[in-house]
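The block underneath contains the structure these notes are about, expressed in structure tokens.
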Amino acid sequence: DSITVGELAKRMGIKANELIRELMQQGSMVTINHPLDFDTAALLASEYNYEVENVAFDEATILEEVPVIKEGEEAPEDLRPRPPVVTVMGHVDHGKTSLLDAIRAANVTAGEAGGITQHIGAYYVELEGRKITFLDTPGHEAFTAMRARGAKATDIVILVVAADDGVMPQTREAINHAKAADVPIVVAINKIDKPDSNPERVKQELTEFGLVPEDWGGETIFAEVSAKQHINIDQLLEMVLLQAEVLELKANPGKRGRGIIVEARLDKGRGPVATVLVQEGTLHIGDPIVSGVHFGRVRSMVDDRGNRVDEAGPSMPVEVTGLSGVPDAGDLLYAVEDEKKAKDVAQHRQQKLREAELAKTSKISLDQLFAKIQEGDVKELKVVIKGDVQGSVEAVKDALVKLSTDACRLVVIHTGVGGIIESDINLASASDAVVLGFNVRPEPKAAQLAESEGVDIRLYNIIYDAVADIKNAMEGLLAPTL
Ligand code: GDP
């Protein structure tokens, strides 16, 4: 994975002597056959407006070697059932936190040794010997933030709907997020202890979203619970296990561990501490690991009961120490064959990160849409529509969907009334969608996020303008925005 001075000069079409002179000025005395490492070569080349692609040292090749057997080629006899991983979503105040607490508490009273003592961002419970892992951050922020990073951490979503309140805006958002991620939903109708609760009405409302209970001829599993009074919590867990059975979740615990960072922080005494949800293989103490731009060895692992563990298999959350820095939630963590490889991958990523910061990665935008359609890169334009009144949102939606062509289908993945908020941007970023605002503006935080994620936001006051823009963008006729 190096290139000689002579070879680099040749590829850039300049004289080797010129390059040697340049290097001398930078303080290194080299000959024409001197090998250059990737960083030096890239830096030199950039001075001549060339980019060096690191083919021999591509991260993909490094990471592909990581699993002993590649995905899809997994031998069936190596696969073992693994617990489902569940995220709780729903409208604010409908009882997400209470439900997570009730589930945690229900498990303690089940008489298991050592209740869940640590808040590490995820925990597991056991029901008659079968485990379920819960991500402990309720709401769809965590869910989409992870998905925006291309990570799928959740097998099942529990949608909490308060029986006295029914379907609310964030209920709809949660449904859209789960659907966009293709994750099945188990509905928990909560607060059934309340005198004004009306579970039947909630069921009725949810049918509009394709969530139809089994006894009404549909396929969605429902449970009626009270998080506060701890009613039917076990039954809900049963339902989750039932849904999990349908999914036939499996993983091979026999290979090197790979997991996802659920949360991470810097601990004064222990250094970087990351909660890892193991997704494949088994993670062991001492394993060389890499996550994002950080690397190291697993120094210690602690589970949600505060127990030190030596290994963690599929679907198990553990707190891991030993990384060189604090990774981001949603980053993947890989065990690799040795620490050198871990370091190489991490450093290569740091390099790439620097490059990416320079060339600010941007997601799909209307400006490049036509080119991408022509290159066959884009077959669907996904849009999120926010507007000041339901009527105009619906009107824009109807008009847009009609613009679909054979080359490019138009898909509205989410609509809503109100300003453009962070969760809209996260959804758009995760799904590679553009955001259309109709007589509304992005909130400052959402605007910032859109900027950093490269999400295209377009604001309109007139329906005709919105439709014309999209039509023009699809046909390559959009006037450039300056
Ligand atoms: P979140 O915003 O979705 O996390 O909702 P919380 O779990 O914070 O609950 C919001 C409020 O609803 C709190 O005051 C809870 O005590 C209450 N609550 C949650 N579950 C129930 C329930 O099953 N019955 C009743 N009566 N109140 C509940």
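As the structure lists them, so they are numbered: ligands from 1, and atoms in each ligand from 1. The structure displayed is predicted, hence computed values, not measured ones.
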Donor-acceptor pair, distance only, cut-off 3.5 Å: does the side chain of [X] make one with the backbone of [Y]?
{"X": "Lys386", "Y": "Ile420", "result": "no"}
{"X": "Lys179", "Y": "Phe209", "result": "yes"}
{"X": "Asp424", "Y": "Ile421", "result": "yes"}

Check: Between Ile192, Leu100, Asp193, Asp93, which one has a non-hydrogen atom sitting closest to atom 10 (C) of ligand 1?
Finding: Asp93

Next item on the list: May I ask which of Lys191, His94, Met89 has a heavy atom nearer to atom 21 (C) of ligand 1 than the others do?
Entry: Lys191

Which ligand 1 atoms does [X] reach within 4.0 Å, using its non-hydrogen atoms?
{"X": "His91", "answer": "3 (O)"}
{"X": "Ser226", "answer": "22 (C), 23 (O), 24 (N)"}
{"X": "Val92", "answer": "2 (O)"}

Next item on the list: Among Lys228, Glu224, His230, find the one that has a side chain to side chain contact (heavy atoms under 4.5 Å, CB included) with Ser226.
Entry: Lys228

Note to self: Consider side chain to side chain contact (heavy atoms under 4.5 Å, CB included). Of Thr415, Val393, Ile463, Leu459, which one does Phe438 pass it with?
What the structure shows: Ile463

Based purely on interatomic distance, does [X] place a nitrogen or oxygen under 3.5 Å from a nitrogen or oxygen of ligand 1?
{"X": "Asn190", "result": "yes"}
{"X": "Lys228", "result": "yes"}
{"X": "Ala227", "result": "yes"}

Note to self: For a 4.5 angstrom cut-off between non-hydrogen side-chain atoms, does Leu206 reach Thr220?
What the structure shows: no

